[in-house]
Number of protein chains: 2
Amino acid sequence: MTRGVRLTPIRYQVLELIWGSHKAVKAYDLLDRIKPLQPMAKPATVYRALDFLIEQGLIHRVESLNAFIGCSYSGQQHEQLLLICKLCHEVEERAAEKVMKTLAREMKQLAFVAHSKSIEIHGICIKCAQPMVNQT
Amino acid sequence: MTRGVRLTPIRYQVLELIWGSHKAVKAYDLLDRIKPLQPMAKPATVYRALDFLIEQGLIHRVESLNAFIGCSYSGQQHEQLLLICKLCHEVEERAAEKVMKTLAREMKQLAFVAHSKSIEIHGICIKCAQPMVNQT
DNA sequence: AATTGAAATGTTATGGTATAACATTTCAAT
DNA sequence: ATTGAAATGTTATACCATAACATTTCAATT
């Protein structure tokens, strides 16, 4: 039986597109952008690749945007929060260990067994806030 | 100019339906369920009511479910996390002040100005875990 | 009581997101 | 060469959400 995980051309192309953007990417935008490479591509093509990449921990789904972002800590731990800038739309991933620890303590206290977490913060990133400061 | 906020029949009916459920409710389910009361109702009818109720802080959108849940702390603070049980599908809202404080500290350190937060934890709630324990 | 203007609702249409179901192909292990 | 699971192709459809414009409601004003 084959046991190796296969990063096929389609999957790789989707991954490249996602990793090439610091903004979250939408499934149908991905579809448009892989069509030149994979003229046969249809929604299912993209969604299957996305499912695979998420399973492998190579990308994350951004629930509040219905979009996808490359994982900055691939292979490592899998607790992170996402900082989503309303201005530049860039998404930053942070491990935020203290937050996660506090959260874990809280869950334990409530006897809630967490399987997965979606922590998404919308606001203004430092790069977008800085220029405003300079306009004194 | 009218300044009072108006909880019209449609809005009230939608709110009642959402508050009557401990599970997150989908927009089109709401549509089906208000149709007996409001035969004219269409998707926009429901989505407008939902927008209003969210603005007023009476309900929350559950991003990871594309669904809506009543707010347990209406009118008060508005930092909360949602615990979503995979088994019974009930959603519990928690203020989790320690978590929020830790998160605020983290945001400050990163100079990220948070406007809104979506913190959704999927797992098994205490009520659903308990029965398993009893099956010794 | 009539006027008025904003808020709310009615209505039609469409766009965006995602998956089910079944057919076919690929590919590594045998 | 065979084979069987994984991947992909293909068609269809379901689900989620909003745009745009028409009409109605209703409280404040005249």
Side-chain angles (χ1 to χ4, degrees), chain A residues 1-18 21 23-56 58-69 84 89 118 120 122, chain B residues 1-18 21 23-56 58-69 84 89 118 120 122:
Chain A
M1 198 215 274
T2 313
R3 227 356 314 127
V5 153
R6 291 157 67 192
L7 191 57
T8 60
I10 288 177
R11 290 166 173 177
Y12 185 73
Q13 285 158 12
V14 170
L15 182 58
E16 268 192 317
L17 287 172
I18 293 176
S21 169
K23 305 177 189 182
V25 190
K26 303 230 146 204
Y28 278 74
D29 289 347
L30 286 169
L31 179 55
D32 291 341
R33 297 172 63 192
I34 60 160
K35 265 186 180 156
L37 308 168
Q38 302 282 345
M40 303 301 174
K42 304 218 166 21
T45 316
V46 169
Y47 280 104
R48 281 169 182 155
L50 291 169
D51 287 345
F52 171 84
L53 296 170
I54 289 169
E55 256 169 35
Q56 301 305 316
L58 297 170
I59 66 171
H60 297 295
R61 185 180 155 78
V62 187
E63 299 290 354
S64 56
L65 297 177
N66 292 338
F68 304 86
I69 190 81
I84 302 155
H89 301 111
S118 162
E120 302 177 3
H122 290 255
Chain B
M1 195 216 275
T2 313
R3 229 351 320 124
V5 154
R6 292 158 66 192
L7 190 57
T8 61
I10 288 177
R11 290 166 172 177
Y12 185 73
Q13 284 158 12
V14 170
L15 181 59
E16 268 193 316
L17 287 173
I18 293 175
S21 170
K23 304 177 190 181
V25 190
K26 303 232 146 203
Y28 277 74
D29 289 347
L30 287 169
L31 179 54
D32 290 341
R33 296 172 62 193
I34 59 159
K35 265 186 179 157
L37 308 168
Q38 301 282 346
M40 304 301 174
K42 305 221 166 18
T45 316
V46 170
Y47 280 104
R48 281 169 182 156
L50 290 169
D51 287 346
F52 171 84
L53 296 170
I54 289 169
E55 255 170 35
Q56 300 305 316
L58 297 170
I59 65 171
H60 297 297
R61 185 180 155 79
V62 187
E63 300 290 353
S64 56
L65 297 178
N66 292 339
F68 304 86
I69 189 82
I84 302 156
H89 301 111
S118 162
E120 303 177 3
H122 291 255

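Sequence lines set the chain letters: A, B, ... in the order given, protein chains first and strands last, and positions in each chain run from 1. It should be emphasised that the depicted structure is a prediction, and the values quoted were computed from it without experimental measurement. Values below: every heavy atom of this structure, side chains too, minus hydrogens, waters and symmetry copies.
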Solution key, residues 25-43 of chain B side-chain donor-acceptor pairs under 3.5 Å, sequence neighbours excluded:
residue: Lys26(B); atom: NZ; partner: Leu65(B); partner atom: O; Å: 2.8
residue: Gln38(B); atom: NE2; partner: Gln13(B); partner atom: OE1; Å: 3.1
residue: Lys42(B); atom: NZ; partner: Met40(B); partner atom: O; Å: 3.0

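- Arg48(A) comes within 4.0 angstrom of a base, heavy atoms only.
- Partner of Arg61(A) under the side-chain contact (heavy atoms from CB on, under 4.5 Å) criterion, out of Leu50(A), Asn66(A), Asp51(A), Leu53(A): Asn66(A) alone.
- At whole-Å resolution of the value, CD1 in Ile54(B) and C1' in dA17(D) are 12 Å apart.
- In this model, the phosphate group of dT26(C) is not approached by any side-chain N or O of Thr8(A) to a distance below 4.0 Å at OP1 or OP2.
- In this structure, CZ of Arg6(B) is placed 7 Å from C1' of dT25(D), rounded to the nearest angstrom.
- Qualifying salt bridge (Lys or Arg N to Asp or Glu O under 4.0 Å) partners for Arg11(A), counting only residues two or more places apart in sequence or in other chains: none.
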For the pair Ser118(B) and Glu63(A), evaluate side-chain contact (heavy atoms from CB on, under 4.5 Å) and give the outcome as yes or no after the intermediate values.
CA-CA 9 Å; Ser118(B) 162; Glu63(A) 299 290 354; 6.0 Å; no
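- The side chain of Arg11(A) places an N or O atom within less than 4.0 Å of a non-bridging phosphate oxygen (OP1 or OP2) of dA7(D).
- A straight line from CG of Leu50(B) to P of dT9(C) spans 12 Å, rounded to a whole angstrom.
- For Pro43(A), taking side-chain heavy atoms from C-beta onward, the closest of the listed nucleotides dC26(D), dA18(C), dA7(D) is dA18(C).
- The OH atom of Tyr12(B) sits 11.5 Å away from the CG atom of Leu58(B) when rounded to the nearest 0.5 Å.
- When rounded to the nearest whole Å, the span between CD1 of Ile10(A) and C1' of dT10(D) equals 13 Å.
- A pairwise comparison of heavy atoms in Ser21(A) and Ile69(A) identifies O-CD1, 4.3 Å as the closest pair.
- If you check residues 24-42 of chain A against DNA chain D, the residues with a heavy atom closer than 4.0 Å are Met40(A), Lys42(A), listed by number.
- Near-neighbour residues of DNA chain D inside residues 60-68 of chain B, defined by a heavy atom below 4.0 Å, number-ordered: Arg61(B), Asn66(B).
- OP1 and OP2 of dT18(D) both lie 4.0 Å or more from every side-chain N or O belonging to Tyr47(B).
- Distance CG/Leu15(B) to CZ/Phe52(B): 9.0 Å, rounded to 0.5 Å.
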If pairs are Watson-Crick or G-U with both distances under 3.5 Å, what is the dot-bracket string of DNA chain C, marking crossing pairs with [ ] and pairs to another strand with |?
||||||||||||||||||||||||||||||
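- By the salt bridge (Lys or Arg N to Asp or Glu O under 4.0 Å) test, Glu120(B) is found to be paired with no residue, residues two or more places apart in sequence or in another chain being considered.
- Rounded to an integer number of Å, the gap from OH of Tyr12(B) to P of dA8(C) is 18 Å.
- Regarding Glu55(A), its CD atom lies at a distance of 13 Å from the C1' atom of dA7(D), rounded to whole Å.
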